[in-house]
Every structure is written in structure tokens, then in C-alpha cells.
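Please read the structure below before turning to the comments.
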Amino acid sequence: MMFYFISSVKSEEERLKDQREKEELEQHLRERDAAGTRKHGYCRDDIEDEQYLFEGVKLSEAEYRELRYKKEIYELVKKRSEEADNVNEYRMPEAYDQEGVVNQEKRFSVAMQRYRDPNAEEKMNPFAEQEAWEEHQIGKHFYVVILACSQFVLRFVFEDQIDFIKASVMDGDKFDYEEMEDSLEKSRAKSALEALQVLVIVGETGSGKTTQIPQYLHDAGYTKNGMIACTQPRRVAAMSVAARVSQEMGVKLGHEVGYSIRFEDCTSEKTILKYMTDGMLLREFLGEPDLSSYSVVMVDEAHERTLSTDILFGLVKDIARFRPDLKLLISSATLDAEKFSDYFDSAPIFKIPGRRYPVEINFTKAPEADYLDAAIVTSLQIHVTQPLGDILVFLTGQEEIETAEEILKHRTGGLGTKIAELIICPIYANLPTELQAKIFEPTPEGAQKVVLATNIAETSLTIDGIKYVIDPGFCKMKSYNPRTGMESLLVTPISKASAMQRAGRSGRTGPGKCFRLYTAYNFHNDLDENTVPEIQRTNLASVVLALKSLGIHDLLHFDFMDPPPAEALLKALELLFALSALNKLGELTKVGRQMAEFPLDPMLSKMIVASEKYKCSDDIISIAAMLSVGNSIFYRPKDKQVHADNARMNFHTGSVGDHIALLKVRSMKRARDIRDQLAGLLERVEIELTSNANDLDAIRKTITSGFFPHSARLQKSGSYRTVKHSQIVHIHPSSGLAQVTELKPEWLVEIAPHYYQLKDVEDSSSKKLPRGAGRAQED
DNA sequence: GAGCACTGC
């Protein structure tokens with residue numbers, strides 16, 4: 001346990017100067033002690049200068065003497081309190097108000113009085129009761145005691161502090177927005193944009209590339225022969241950028257400038273500048289394989305390497321060859337520009353400066369075993385020792401965030417009013433929107449906000465005013481095992497690119513600091529340069545189906561920027577063949593073409609297509625919509641008991657039931673939207689909308705038609721084993737509502753005779769073959 | 001008593 005005095009707000013130069021002075025003082029005191037001249041009170045009587053320093057803080061001589069004295073006393077009583085057998089025998093009622101809340105200032109002065117009073121009976125340990133209370137409150141690990149002195153506040157911190165080493169400063173870019181527009185108009189940018197068919201554009205978010213370049217191309221006349229498409233990885237981005245550009249151009253959104261996202265097409269015949277999600281352009285490819293209505297395609301945020309952008313790359317590269325009039329712009333953040341350039345036949349790279357402030361990077365001196373604990377300690381360390389400014393902590397998931405929130409509340413709960421208030425804001429995608437809004441509320445004067453976020457804060461949303469980033473270096477990442485055909489989420493170290501992105505989050509509105517909870521050595525030697533692109537770690541069934549329906553047959557030789565593992569491609573082909581979407585030659589069947597129309601996992605699409613036969617399409621699309629919305633409909637924030645305790649402790653947290661209700665509303669609306677879309681698509685593939693809700697067997701058979709590859713048999717042991725590969729699987733815990741559909745073994749042979757033979761399903765001991773409809777885990 | 005990062009069509 002270490003004992004620190006930590007100074008108040010200071011600039012870096014001041015800090016260094018103080019540090020120097022402090023070292024000088026310490027050296028002086030050491031020499032004096034060694035000489036045997038040390039006196040009570042640490043008076044610096046032999047120093048001429050008026051500056052008195054106490055642990056780095058400048059004081060008047062009187063303050064200095066007082067503090068030195070107080071510290072010594074404090075250490076003494078602390079020591080004695082540790083020695084005391086029964087801490088409860090000492091009481092200090094004066095220090096508590098009517099509600100029983102301790103007044104730290106008062107507590108200290110009472111302690112001082114008692115200690116100095118030669119007649120006091122409780123001289124021994126005035127702090128014992130307080131300490132017992134604190135230990136009870138915050139679990140012995142960390143506590144802060146505030147001492148008020150005449151003109152300033154000093155803080156005592158007891159903690160095994162984490163030592164950081166300042167490693168480097170990520171340069172900012174002092175860049176003038178107007179200047180850029182000017183230079184874009186006049187400099188080589190203009191000629192480059194006009195002369196070249198394919199161009200890689202590099203620029204940080206905020207450089208204006210997304211808004212300025214399409215406008216420039218429009219002015220240069222590129223919209224005469226077709227639209228300009230600009231793709232974004234996220235819906236909100238497409239919407240907000242379109243809104244801004246339409247404003248800048250002085251036109252109504254949806255007229256000349258529009259956006260197109262799922263469930264919402266805000267474009268018209270007038271539209272010449274179209275912002276859209278990458279997945280949406282991919283869908284448009286299916287109907288228009290040469291993109292003839294576009295004259296320019298700009299793939300924005302290409303460095304994010306979403307599944308859709310990666311597929312788009314291969315497709316646009318291909319059509320650019322036979323359409324010399326199609327201009328192709330690939331825009332990305334700095335890191336992997338060379339790679340994009342290489343892929344697009346050495347396309348020139350054009351750089352646009354970004355706008356970012358410098359960010360100081362700190363690494364830990366030694367590796368931290370428990371990153372969650374380290375993150376909490378570091379937040380408090382920043383809270384107590386650094387100038388005010390909001391903190392962003394990257395954690396891996398909801399559960400971790402909830403744990404961290406509890407611990408932080410616990411540890412700051414017992415602190416008096418002398419310390420700045422710490423506002424804790426959790427944020428993750430499953431958090432109801434109403435609660436998400438909390439992170440955008442401006443931090444009140446004198447308070448400090450700590451945002452506990454998942455990866456959502458890395459790209460999807462930006463929070464202004466973040467000054468400190470704490471990066472434990474992990475995230476949850478999806479990985480796919482082609483052998484078992486199962487996807488799983490694993491906590492994985494992040495890449496260097498991701499670490500830079502996280503650090504950059506602190507430098508958006510002013511200079512920032514990033515505290516990495518790993519060593520510089522770890523960073524340089526253990527982290528990958530870039531995150532493995534999604535296409536290499538996902539189930540490719542829907543990708544393969546989409547490419548096949550675009551007429552691309554030789555998938556193993558398709559020009560992927562980073563080819564997925566051949567095994568994953570083969571697994572996808574195998575599945576599509578089993579679903580009869582492909583024939584033995586690997587060509588799309590009629591069923592396959594119908595399936596490709598649905599923006600769903602092929603097993604779900606197959607289920608819908610099969611519903612025609614069993615006359616229950618109306619019921620099946622409801623099921624499909626609910627399944628594709630994901631699990632969040634049945635989501636529960638946390639174990640009720642814990643939450644109830646929490647609510648009692650924090651007495652203002654709202655009711656859990658309400659949160660779930662809010663969440664359900666959002667998910668249900670989404671399911672409704674998807675269902676409506678599916679109904680429209682049914683018409684398109686000429687399947688009649690029929691309901692057959694009374695015939696459960698028909699519905700079960702329809703489900704079996706899509707999900708037979710995932711059928712499993714109940715073992716005597718209570719676990720399940722897949723029929724096809726004898727893989728042990730478990731029903732996912734979220735399937736509390738028996739989300740397993742029972743089916744008859746003979747159906748498998750009836751519905752998928754090419755996949756199952758009678759011998760596969762024969763099992764004298766069991767009549768039922770429940771099937772895991774939810775997610776299954778590998779054993 | 002289990003437990004689901006983030007997008008997107």
C-alpha cells in the first residue's frame with residue numbers, strides 16, 4: 001500500500017519544475033537526515049527562497065509547516081489504527097451529520113484536536129471508526145480522503161497506483177477547413193480527380209472528404225451522365241452526411257442530394273448525389289450489375305473493411321475495367337492506403353490533411369494482470385490527479401461495463417464533496433436509446449464524466465469533450481470455425497490500428513491523453529498491425545449466395561483484397577448445395593435465385609422459400625423477422641437480484657422493467673420493419689402470402705426445410721449432438737422459452753434426402769429430435 | 001443458473 005499526496009491542476013512545465021524542486025527538497029532532506037539534523041516539521045529554514053513545496057505544491061511557509069505536521073500525524077494515527085484490535089471502540093460522532101454522512105474536513109480536525117489534547121481518552125485512534133466504515137464502503141482497496149486546507153485542497157490517495165510511461169505524442173494536424181476547400185479547388189487535387197479513373201484518398205474523419213469531394217465532382221460536371229454514389233458503413237452516417245451536403249448545396253434533402261438505406265429510400269428522380277450504406281449498393285448490384293446509373297462510386301471509410309466494402313471492392317474493380325467512364329474513389333484513414341493502392345492496380349494516393357489535436361500516449365510500466373481492475377484504478381487516478389476532462393474507457397461488453405459501473409460507484413460513493421463529482425455513463429449498442437443519450441449531455445461544471453463503452457465508441461459514435469482514453473487493449477471479436485460451421489465471440493487483443501483509433505478519440509476537441517493498460521513492448525511485439533478483415537472470420541453463406549447470383553462462379557479465384565480461407569468458401573458452397581440453392585455444378589437453382597432476393601441468412605431465406613409448399617408464408621416471415629432481429633427481444637440487462645440491490649444502493653436508478661420495455665419497443669419495431677420488407681419480397685419472388693397457423697406441423701416442416709443442417713439429437717446426458725457431424729452442442733441460455741423446435745426424424749429424410757440418409761436419423765432410443773434453433777456453443 | 005462486440009441488407 002502506498003501513500004501519496006497528489007497535487008492539484010498544473011501544466012506540464014509546472015509539473016516538471018515542481019518535480020525538480022521536489023527532488024531537490026528530498027535530496028536536501030535526505031542529506032539533513034543523514035547529518036542527524038532533522039527536526040519535527042520539516043521546516044525549510046535553510047532555504048532562502050520564498051517557495052515552499054510540499055509534495056510538489058507551492059505553499060506559504062505557514063501552510064507548509066502545517067501540512068508537513070499534519071501528514072506526520074496522519075501517518076502516525078494511521079499506523080496506530082492498524083494496530084488497534086477493535087476499531088469499533090472508538091467513536092467520533094462529531095464528524096457525522098444527521099444523515100450519518102461523514103464530513104471529512106471535520107473528521108480530520110477532530111482527529112487533530114484529540115491527538116493534541118493531552119487529556120483525551122480516545123487519543124489512540126481517532127480514525128478507527130472512520131476507517132472501518134470506509135473499508136466496509138469500498139472494500140479496503142482504494143479510498144480517497146480529502147483534506148481541506150486554507151487555500152487549496154490536497155488529496156490523500158491510498159492505492160497501489162499504476163505507473164505509466166509517456167511514450168510518444170501522436171501529432172495533431174493544425175488544419176484550416178476553408179483552406180482545404182480552397183486548395184481542393186485550385187491545387188493538383190482538381191487535376192488528379194479529373195485525370196484519374198481510380199484514386200485512393202487518404203484523410204482522417206473530419207477532413208471533409210466525404211462532403212467536399214462529391215460536391216466538387218458535381219461542379220465538375222460528373223453528374224451529367226449518372227449519379228455519384230458515396231457509400232458509408234453505417235446508416236446514421238449516410239443520413240447525416242446527406243443532410244449536411246444538401247444544406248451546403250442549398251437543396252432539399254431527397255431532391256438533388258439524397259440517401260438510401262434499408263427501410264428508407266430518401267431519393268427521387270432528381271437525385272444526383274446519393275449517400276448510401278455499403279450493403280445497399282451491394283443490393284443494387286444485384287439489379288444492375290454494371291451500375292450503369294452511376295458515373296462515380298466513392299467507397300468511403302474503406303479502412304473499416306466491412307464485409308460489404310470488401311465485396312464491393314472486388315465488384316467495382318471488375319466493372320471499372322470495362323467501364324472506363326466510371327470513376328472510382330476509395331477513401332480511407334491513413335493506415336493502409338498503400339494496400340488499397342496496390343489492390344487497385346497501383347492507383348495514385350491523394351492525401352487530405354485531417355483535423356486532430358495531439359494525443360499523448362502512455363503505456364504501463366509493467367503488464368497488468370486484471371485489465372478491468374486496472375481500468376477502474378486508472379480512471380480514479382485520472383479523476384484525482386489530472387485536470388478535469390471526460391474519460392473514455394474501452395471495455396469488451398455489457399457485463400464488463402456493468403461490473404465496472406458498480407465498482408466505480410462503490411469506490412466513489414463514500415467520498416465527500418471536496419472531490420469533483422464523477423458521472424458514470426455506460427454505453428453499448430443494446431442499451432436503450434433513452435439511456436444512451438446520457439453520454440451526450442454536457443458535463444456540469446466541476447464534474448467529470450467517465451464513459452464506459454464497448455467498441456461502439458471506436459467508430460460508430462463520437463463523444464465530444466473526451467480528454468482521456470483508457471485502452472485495456474481488448475475487444476470482443478467474431479470468429480468463425482469453418483470445420484464446425486460455428487461462429488463465436490472471443491475476447492481478443494486489438495490491433496495497432498485499432499489502438500491508434502482509440503487513442504485518437506481523445507484528441508477531437510483539444511489535446512488528449514491515452515493510457516494504454518499494456519506495455520510499449522506488448523504494443524510493438526504482440527499486437528497485429530491491422531484487425532483481420534471481417535470477410536476472413538465469418539460465415540460466408542450469404543456472401544457466396546450474393547456473388548453467385550451476380551454470375552460470379554469461380555469464387556476461389558475471385559479477386560478479394562484479402563481472400564477468405566478456402567475452407568470457409570467450401571463450407572458455404574456445401575451449405576448452399578444442401579439447401580438446394582446450388583446444383584451439383586455449383587450453379588444457382590430457381591430456389592437459390594429466390595433465396596438471393598432476401599436480405600437474410602440463407603437458412604432463413606430457404607425457410608421462407610419453402611413456406612410456399614406448406615402454405616404458411618405469412619407465419620414464417622414473422623418468425624424470420626423475429627429471428628433476424630437477433631436475441632435482443634428477450635434480453636435482460638442483468639440478474640434481477642443484483643440490480644435490485646444496486647437500485648437500493650443508488651436509490652435513483654430506474655426500474656429494470658422499464659428498460660426492458662423500452663428495448664422491446666425498439667426491437668419489435670425493427671422486427672415489424674423487416675417483416676414488411678419480407679412481405680414485399682415474397683411478392684417479388686411470386687410466393688403467395690398464406691397463413692396456416694393452425695397447422696403447427698406445417699410450420700415445423702417449413703422450419704426444418706431451412707434449418708435441417710442444424711438438427712441435433714437429445715442425448716441421455718442432457719446435452720445435444722448434431723445429427724450430421726455428431727458435434728456436441730448446448731442450447732443457448734437465452735433460449736429460456738424453449739426456443740427449440742421439435743421435429744420428427746423422418747422429416748429430415750423427407751425434406752433433405754440429399755443430406756440425410758435413414759441410417760443417420762435412426763435411433764431406437766429416442767423418438768424426438770429437438771433441434772437447437774437458437775445459437776449453439778461448441779463444447 | 002446460465003449470458004449475446006459491432007455493423008448491414
Side-chain angles (χ1 to χ4, degrees), chain A residues 231-239 260-265 276-287 301 304-312 394-403 427-431 453-461 472 474-479 487-494 498 501 531 533-535 537-538 542-543 545-546 549 595-602 604-605 624-625 628-642 663 667 670 673-674 677-678 680-681 718-719 730-737 739 774-777:
Chain A
T231 71
Q232 297 292 321
R234 280 169 293 280
R235 296 160 56 90
V236 264
M239 286 161 70
S260 174
I261 56 179
R262 190 183 188 183
F263 310 128
E264 209 180 330
D265 184 7
M276 62 214 293
T277 45
D278 46 15
M280 201 67 199
L281 186 62
L282 208 54
R283 280 280 137 190
E284 288 195 6
F285 251 105
L286 296 175
E301 312 288 349
E304 287 193 27
R305 304 291 306 275
T306 66
L307 195 54
S308 304
T309 35
D310 264 26
I311 302 163
L312 277 178
F394 283 100
L395 299 173
T396 62
Q398 183 188 336
E399 195 186 347
E400 222 170 81
I401 288 175
E402 279 168 359
T403 311
I427 175 93
Y428 42 88
N430 267 344
L431 194 74
T454 59
N455 249 7
I456 194 171
E458 201 176 298
T459 48
S460 306
L461 53 90
F474 291 94
C475 70
K476 265 191 192 160
M477 202 155 60
K478 191 167 76 179
S479 67
E487 290 180 326
S488 49
L489 278 173
L490 298 172
V491 174
T492 322
I494 58 169
S498 187
Q501 174 78 16
T531 309
E534 191 185 358
I535 199 164
R537 50 186 171 85
T538 193
S542 55
V543 173
L545 183 63
S549 74
M595 282 167 60
E597 290 290 328
F598 294 92
L600 299 170
D601 181 284
L604 283 169
S605 317
S628 87
V629 120
N631 38 37
S632 40
I633 289 175
F634 301 110
Y635 155 91
R636 273 178 297 171
K638 216 179 177 187
D639 193 78
K640 272 178 191 151
Q641 180 113 38
V642 176
L663 197 68
S667 305
R670 195 175 147 73
D673 285 342
I674 295 176
Q677 189 190 25
L678 295 181
L681 291 168
S719 65
H730 301 284
I731 296 182
H732 193 278
S734 66
S735 163
L737 303 168
Q739 272 187 46
R775 256 145 262 200
Q777 289 180 335

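Labels below follow one simple rule: chain letters A, B, ... track the order of the sequence lines, proteins then strands, and each chain is numbered from 1.
Atom P of nucleotide B/dC9 and atom CZ of A/Phe285 are separated by 16 Å, given to the nearest angstrom. Distance CG (A/Asn430) to P (B/dC4): 12 Å, rounded to an integer number of Å. Taking atom CD of residue A/Gln232 and atom C1' of nucleotide B/dC6, one finds them 16 Å apart after rounding to whole Å. Rounded to whole Å, the distance from CG on A/Asn455 to P on B/dA5 is 11 Å. Between the P atom of B/dG3 and the CD atom of A/Glu399 lies a distance of 8 Å, rounded to the nearest Å. Rounded to whole Å, atom P of B/dC9 lies 11 Å from atom CD of A/Glu264. Taking atom CD1 on A/Ile535 and atom C1' on B/dC9, their separation rounds to 15 Å, with Å as the unit. One can place CG of A/Leu286 at 14 Å from P of B/dC9, the figure rounded to the nearest angstrom.
Considering only side-chain atoms of A/Arg234, the nucleotide from B/dC9, B/dT7, B/dC4 that sits closest is B/dT7. Closest to the side chain of A/Arg235, from the set B/dA5, B/dT7, B/dC9, is B/dC9. Between B/dC6, B/dG8, B/dC4, one nucleotide has an atom nearer to the side chain of A/Leu489 than all others, and that is B/dC4. Considering only side-chain atoms of A/Ile261, the nucleotide from B/dC6, B/dC9, B/dC4 that sits closest is B/dC9. Among the nucleotides B/dC9, B/dC6, B/dA5, the one closest to any side-chain atom of A/Ala429 is B/dC6.
Residue contacts shown for A/Ser308 are absent, as no nucleic acid heavy atom lies under 4.0 Å away. Residue A/Ile456 is in sugar-phosphate contact alone, with no base atom involved, counting any heavy-atom pair closer than 4.0 Å across all strands shown. The residue A/Met477 sits apart from the nucleic acid: no heavy atom pair falls under 4.0 Å.
Using modelled atom types, one finds a donor on one side chain and an acceptor on the other under 3.5 Å when comparing A/Glu458 with A/Ser498. In this model, a donor atom of one side chain and an acceptor atom of the other lie less than 3.5 Å apart for A/Thr538 and A/Glu487.
Side-chain nitrogen and oxygen atoms of A/Thr306 include none within less than 4.0 Å of the OP1 or OP2 phosphate oxygen of B/dC6. Look at A/Arg262 and you won't find any side-chain N or O under 4.0 angstrom from OP1 or OP2 of B/dT7.
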Problem set entry | Test side-chain contact (heavy atoms from CB on, under 4.5 Å) applied to A/Thr531 and A/Arg305, step by step | CA-CA 9 Å; A/Thr531 309; A/Arg305 304 291 306 275; over 6 Å; no
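A/Thr396 meets the side chain to side chain donor-acceptor pair (under 3.5 Å) test with A/Glu400; sequence neighbours excluded. Partners of A/Phe474 by ring pair (Phe, Tyr, Trp, His ring centres under 6.0 Å), not counting sequence neighbours, listed by chain and number: A/Tyr371.
Between A/Phe263 and A/Gly397, the residue whose closest nucleotide on DNA chain B is further toward the 5' end is A/Gly397. Mapping A/Gly279 and A/Arg537 onto DNA chain B by nearest heavy atom places A/Arg537 closer to the 5' end of the strand.
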